[in-house]
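Down below is the structure, laid out as structure tokens.
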Amino acid sequence: MTAAEVRFDGRVVIVTGAGAGMGRSHATLLGARGAKVVVNDVREDAAVRVVGEVTAAGGEAVAAVHDVATDDGARALVHQAVQAFGGVDALVNNAGGAEKCPFTETSWDLFERTQKLNVQGPFFVTRYAWPHLAASGSGRVVMVASKSAVIGGVQDFAHYATAKGAVLAMTRQLASSGAADGIHVNAVLPTALTRVANDGATGGNVALNPLKRGMAERLGIDPADAPRLAAVSAAVVSAVVAWLCHPGCTASGEFFNAVAGHTSQVVFATTTGITDPALSIESVRDGFTRIADTSHLAALPAIWDGDIAHFLG
Ligand SMILES: NC(=O)c1ccc[n+]([C@@H]2O[C@H](COP(=O)([O-])OP(=O)(O)OC[C@H]3O[C@@H](n4cnc5c(N)ncnc54)[C@H](O)[C@@H]3O)[C@@H](O)[C@H]2O)c1
């Protein structure tokens with residue numbers, strides 16, 4: 001017996017930045033499974049094209065052309081969703097990204113633009129959608145973060161990783177804020193080959209980039225087949241995002257890795273550490289091996305359960 005198909009009939013879902021890449025994939029999947037999709041993008045032609053794709057897949061959608069990195073745009077997007085479909089049941093804060101730049105060359109302007117798109121955008125679209133998500137009774141918010149926020153070594157992306165780190169903090173705190181109203185807030189840390197040609201180091205040749213080559217191999221796709229790599233690597237992320245939009249998903253405040261068909265929960269954890277009411281520089285030095293011993297980890301809860309050990313050790 002096959003498990004029942006997951007459906008979103010009657011649910012209104014906003015997907016920001018849905019004119020291309022992963023957002024486009026999330027919008028078409030959700031629409032094909034019955035959701036009424038608000039396809040937001042700052043580029044009208046892209047949003048209209050995706051509305052056509054959702055409709056062709058049997059879904060219902062509306063193009064919502066607004067810049068979510070502005071207060072007016074965030075507010076107008078939610079207003080349009082409510083006007084078009086009568087409410088908001090789920091929101092995917094997908095619009096994001098940044099141009100790479102070495103840390104020591106990062107300008108105030110680039111940093112600020114990066115925060116506006118990746119932090120202020122999701123914060124304010126969610127803020128304006130909040131009363132409608134509460135009215136839904138099973139509101140769901142999916143934040144889109146990045147592995148660069150939790151794993152160092154991604155070159156020339158400190159400004160972007162900083163923004164995505166803020167998205168993780170936002171996810172946890174809003175999950176707490178939404179609990180009483182049944183609003184669940186989670187984050188994905190996706191990787192998809194949406195911009196396969198956009199790789200200065202390899203000139204867009206997927207075979208030369210170990211991560212991208214590994215993803216192509218995992219998905220069983222020829223590394224030279226850029227359009228298929230882009231579509232399939234996004235589609236497997238969409239499966240995770242869509243489930244996080246579903247009322248049947250009970251997680252809240254959690255982070256999920258999603259890459260090349262793999263998904264897993266990402267946790268913040270503490271080591272056993274040391275405890276000494278008279279802690280001195282010398283006891284920190286002498287206990288440092290135990291402080292940093294990761295062989296016994298305790299995951300921090302997404303939402304504080306009142307156990308003071310999470311703060312006191
Ligand atoms: N591609 C990856 O591997 C990867 C990795 C980690 C995180 N992410 C994150 O995933 C999300 C989607 O990435 P992608 O690669 O699919 O993106 P993409 O660049 O392919 O598409 C982004 C879409 O968002 C739209 N957009 C940009 N600014 C906007 C704004 N202010 N208002 C409304 N729409 C706007 C663009 O027009 C575009 O259609 C982003 O938040 C990105 O930071 C992507």
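Order of listing sets the numbers, starting from 1, for every ligand and every atom in it. A quick note: this is a predicted structure, and the numbers were derived from the prediction, not measured.
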Selection residues 262-272 - residue pairs positive for side-chain hydrogen bond (donor to acceptor under 3.5 Å, both in side chains), sequence neighbours left out: Glu254-Gln265, His262-Ser264

Applying salt bridge (Lys or Arg N to Asp or Glu O under 4.0 Å), name anything that partners Glu99, two or more places apart in sequence or on another chain. Arg113

Can you tell me which residue pairs pass the side-chain hydrogen bond (donor to acceptor under 3.5 Å, both in side chains) test with a partner in residues 303-313, sequence neighbours excluded? Asp305-His310

Neighbouring protein residues of ligand 1 - any heavy atom closer than 4.0 Å: Gly17, Gly19, Ala20, Gly21, Met22, Asn40, Asp41, Val42, Arg43, His66, Asp67, Val68, Ala69, Asn94, Ala95, Gly96, Gly97, Leu117, Val144, Ala145, Ser146, Tyr160, Lys164, Pro190, Thr191, Ala192, Thr194, Arg195

State whether Arg75 and Asp71 are salt-bridged, where the test is any N-O pair (Lys NZ or Arg NE/NH1/NH2 against Asp/Glu carboxylate O) under 4.0 Å. yes

Under a 3.5 Å cutoff, is there a donor and acceptor pairing between the side chains of Lys147 and Thr191? yes

Should Phe255 and Val188 count as side-chain neighbours, where that means a heavy-atom distance under 4.5 Å? no

